[in-house]
There are 2 protein chains.
Amino acid sequence: MAKTSTRTAVTPTKRTYDSLEQEVFLNLWRTYDRLKTLEDDVFGRVGLSAQQYNALRLLQSIYPDAMPTLVLGSRLISRAPDMTRLLDRLERRELLNRERKPENRRVVEVRISKKGVTLLDEIHDAVQECHQQQLGHLKKKDLRQLADLLRQARQPHENPSHLSVADE
Amino acid sequence: MAKTSTRTAVTPTKRTYDSLEQEVFLNLWRTYDRLKTLEDDVFGRVGLSAQQYNALRLLQSIYPDAMPTLVLGSRLISRAPDMTRLLDRLERRELLNRERKPENRRVVEVRISKKGVTLLDEIHDAVQECHQQQLGHLKKKDLRQLADLLRQARQPHENPSHLSVADE
DNA sequence: CGAAATTACTCGTCGCAACAACTATCGTCA
DNA sequence: TGACGATAGTTGTTGCGACGAGTAATTTCG
């Protein structure tokens, strides 16, 4: 058990959990929060949020092609119900541009700009270094295992619409 | 139409990573995001955020004692630079109360109210069910391992001020 | 052909989070 | 005792995120 009450109120990391599942989730939350701080620091320097960076990366991966807003939104790591304004902000900074498709004027195609690609290139190394700082202290084997367990953990909660697109 | 051509752009979960560390972090992010959705749903029903719930739980654990604002802030799972207003909102709902200490008028002591305790009791079961839904599909052994790996992952990034409190 | 449904966003509103600048209180040391 | 820091919160501003309602373009179907 925990050390016999060094102090009454203060039990910093030694917390009592109602269940093992809760323990895991709180650990997940805290670990995400700690590691995220490092990332935000890197992105903050160029005025991007992690989500914005994520969107730009996806666009870069198909550069110089474009993709519709909704497709982009569905492929982001974290769900974003406000794609429009996220893209608004990036467009205002000229990191991407949007245009309606003539053949289906409901669809807005999004394309990363040259300037956007340049920005990503500029911070690429810093981002990689950041990931090393975040997790570089773990062994390859542990990293693999962690990635696998995380995938298993969320597997039942993945929106099926994501996966079904590939084979329709 | 579109059958073969859609496949080009759409690669839902199959993403290419720059490094193993990045892969782990993105998995961490996504898993957190997915599981968080379930929690937010439960808390949303009583108008709480996860962070607010977290604060109330900490206060409940020392009920009917109180603790200073800054101590509470430092013990939250996720960092909160805006304790004052978080507590403002909870106080407005009469879930807790605050009072300045007479012997040191800089310190504000926070105490959960009877109403707050009652609210926590009311949702306790739903929260536990939620944790089961989040992670109940994993084996005990995997959950243990996941919790351990997560702890190891964030270990170098824990603020030491947290840990030093226990033995002062 | 035209009304209804569907799709793909867009916009109004609100609350919360982040950073910084500020205030009040207390300890300290010349 | 009175300026100087340090401590503990508070407040201003700004911006992003979430939810929902609204709009425009296309498809469906009687």
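These numbers come from a predicted model, not from an experiment. Proteins get letters first, then strands, A, B, ... in listed order; numbering begins at 1 in each.
- With sequence neighbours left out, the salt bridge (Lys or Arg N to Asp or Glu O under 4.0 Å) criterion links B:Asp18 to A:Arg57.
- Looking only at side-chain heavy atoms (C-beta outward), A:Lys36 and A:Asp40 come within less than 4.5 Å of each other.
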Worksheet entry | Heavy-atom protein contacts under 4.0 Å, nucleotides 18-28 of chain C, coded B base, S sugar-phosphate only, - none | BS-----BS--
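- Salt bridge present: A:Asp148 and A:Arg151 bring a charged side-chain N and a carboxylate O closer than 4.0 Å.
- Going from atom CG of A:Leu70 over to atom C1' of C:dT10 covers 11 Å, rounded to whole Å.
- B:Leu48 is listed as a side-chain neighbour of B:Arg93, based on a closest heavy-atom distance under 4.5 Å.
- Mapping B:Val107 and A:Ser49 onto DNA chain D by nearest heavy atom places B:Val107 at the nucleotide closer to the 5' end.
- Under the 4.5 Å side-chain criterion, counting only non-hydrogen atoms from C-beta, B:Leu90 is not in contact with B:Val110.
- The interatomic distance linking B:Asp88 (CG) with C:dA17 (C1') rounds to 14 Å, in whole Å.
- Within 4.0 Å (heavy atoms only), A:Thr84 reaches at least one base atom of the nucleic acid.
- Summarising the local packing, NZ of A:Lys114 is surrounded by 12 or fewer heavy atoms from other residues, nucleotides or ligands at distances under 6.0 Å.
- Under the ring-ring contact (aromatic ring centres under 6.0 Å, His included) criterion, B:His124 pairs with no residue at all, not counting sequence neighbours.
- Partners of A:Lys101 by salt bridge (Lys or Arg N to Asp or Glu O under 4.0 Å), not counting sequence neighbours, listed by chain and number: A:Glu103.
- The shortest side-chain heavy-atom distance between B:Asp33 and A:Ile77 does not fall under the 4.5 Å cut-off.
- Rounded to a whole Å, the CG atom of B:Asp40 is 11 Å from the P atom of C:dA17.
- For B:Arg89, counting side-chain heavy atoms from C-beta on, the closest listed nucleotide (C:dT10, C:dA17, C:dC9) is C:dA17.
- Here the rule is side-chain hydrogen bond (donor to acceptor under 3.5 Å, both in side chains) with B:Glu21, and of A:Gln134, A:Gln132, A:Gln133, A:His137 only A:Gln132 fits it.
- Extent of DNA chain D lying under 4.0 Å from chain A heavy atoms, first and last nucleotide in 5' to 3' order, is D:dC16 to D:dT26.
- Taken over five-pair windows at either terminus, the axes of the helix from C:dC1-D:dG30 to C:dA30-D:dT1 are inclined to one another by 10° (rounded to 10 degrees).
- Taking 4.5 Å as the limit, every side-chain heavy atom of A:Phe43 sits out of range of all side-chain heavy atoms of A:Asn54.
- Spacing between atom CD of A:Glu91 and atom P of C:dC9 amounts to 13 Å, rounded to whole angstrom units.
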